[in-house]
Protein chains: 2
Amino acid sequence: MYKENNLSKNQQIIFDLINKSSEPLKAYTILFNVQKKGIKAPPQVYRALDKLVETGKIHKIESKNAFVACRNSGCEISKATAFSICESCEMVDEINDAKLTKYLTSFSDKKGTKYKRFNLEFFGLCKKCK
Amino acid sequence: MYKENNLSKNQQIIFDLINKSSEPLKAYTILFNVQKKGIKAPPQVYRALDKLVETGKIHKIESKNAFVACRNSGCEISKATAFSICESCEMVDEINDAKLTKYLTSFSDKKGTKYKRFNLEFFGLCKKCK
DNA sequence: ACATATATGTAATAATATAACATTTATAAG
DNA sequence: CTTATAAATGTTATATTATTACATATATGT
Ligand SMILES: [Zn+2]
Ligand SMILES: [Zn+2]
Ligand SMILES: [Zn+2]
Ligand SMILES: [Zn+2]
């Protein structure tokens, strides 16, 4: 049967919040902001986050323990992610560069091993902060 | 005056532990293992870790909140790091690939911005686990 | 000897994340 | 519709990771 919307209630609430945020959100910031919607405890937040990461709707910025909505319609599987992170204002942008993705996806190390997933974080100053 | 060894006592103890480990170590694992040497509290561990990361002697594996010794004599500044991480056995290897480093160091995004630092984590299966 | 920066020791607490278990809701099959 | 199964939710407690704050000590340069 055809499924109109694949997000559950909590997942949708949390996705909406992250999606409309201009900056990465931390789990407990999310928790605080969705308590008015009935989501009261950490596990509810973390479970939704896990699912959203798993399906590529959001990504975790590992160096910040924070989450951003995916801005790249081509990466539902979340296996090839790259971000630019401003060291001054904390701004994060998802990088969508086909050449970069191709280069890294096809990268093989000295033993010839290839990898099925990567995450790349660039750090510097954004345009505003330069 | 000439300085023989640039690590303080706590820094040296903690570096030695990480350096002889075959796997990434977490802060509280480190704490547990150096208590016999007189390091008794988290701030002592985290301060040493911060300094060691800052000087490039160790690196933090962000996706694991764990630390490995630098195996790449050329990256004292810790501004261009890449790792391969086995999803099965947790093994981590630092990647030292001049071409990759060059490619990423000279990468500029669509707005022409260049970045002064990056961290790249590849995920897959190591030779043993394949 | 003095000033300054770096490192240490210690207690308390903050921030991030998971375990465990009961219950409910959605989906699919018979 | 009924039943079986999987997915999601609610709730309490706890585990793990990291920092604040403040007192003291050690190293470094003049
Ligand atoms: Zn994406
Ligand atoms: Zn900025
Ligand atoms: Zn290194
Ligand atoms: Zn392995």
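Just so it is clear, the values below take in all heavy atoms, side chains as well, and ignore hydrogens, waters and symmetry mates. Note on naming: letters A, B, ... go to the chains in the order of the sequence lines (proteins, then strands), and numbering restarts at 1 for each one.
- Rounded to 10 degrees, the angle between the two end axes of the helix from C:dA1-D:dT30 to C:dG30-D:dC1 is 50°, with five pairs used at each end.
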Only pairs under 3.5 Å count here: list side-chain donor-acceptor contacts from residues 100-107 of chain B, not counting sequence neighbours, and write none if there are none.
residue: B:Thr101; atom: OG1; partner: B:Asp97; partner atom: O; Å: 3.2
residue: B:Thr105; atom: OG1; partner: B:Thr101; partner atom: O; Å: 2.6
residue: B:Ser106; atom: OG; partner: B:Lys102; partner atom: O; Å: 2.8
residue: B:Ser106; atom: OG; partner: B:Tyr103; partner atom: O; Å: 3.3

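- Residue pairs satisfying the salt bridge (Lys or Arg N to Asp or Glu O under 4.0 Å) criterion with at least one member in residues 118-130 of chain A, sequence neighbours excluded, are absent.
- Here D:dT19 presents its C1' atom at 14 Å from CG of B:Leu31, a figure rounded to the nearest Å.
- Between A:Gln35 atom CD and D:dG10 atom C1' the separation is 14 Å, expressed in whole Å.
- Applying the salt bridge (Lys or Arg N to Asp or Glu O under 4.0 Å) criterion to B:Asp109, with sequence neighbours excluded, gives no partner residue.
- Taking each heavy atom of A:Leu125 and B:Thr113 in turn, the nearest pair found is O-CG2, 3.9 Å.
- By the side chain to side chain donor-acceptor pair (under 3.5 Å) test, B:Gln11 pairs with B:Ser8, sequence neighbours left out.
- Remark: A:Lys111 pairs with B:Asp93 by the side chain to side chain donor-acceptor pair (under 3.5 Å) rule, at least two apart or across chains.
- Here side-chain hydrogen bond (donor to acceptor under 3.5 Å, both in side chains) pairs that include residues 18-32 of chain B, with residues two or more places apart or in two chains, are B:Asn19-B:Arg71.
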request  = Go along nucleotides 4-17 of chain C 5' to 3' and tag each nucleotide: B for a protein heavy atom under 4.0 Å from its base, S when only backbone or sugar atoms are that close, - otherwise.
outcome  = ---SBBBB----BB

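- Sorted by first and then second residue, the salt bridge (Lys or Arg N to Asp or Glu O under 4.0 Å) pairs involving residues 80-90 of chain B (not counting sequence neighbours) are A:Lys116-B:Glu87, A:Arg117-B:Glu87, B:Lys64-B:Glu90.
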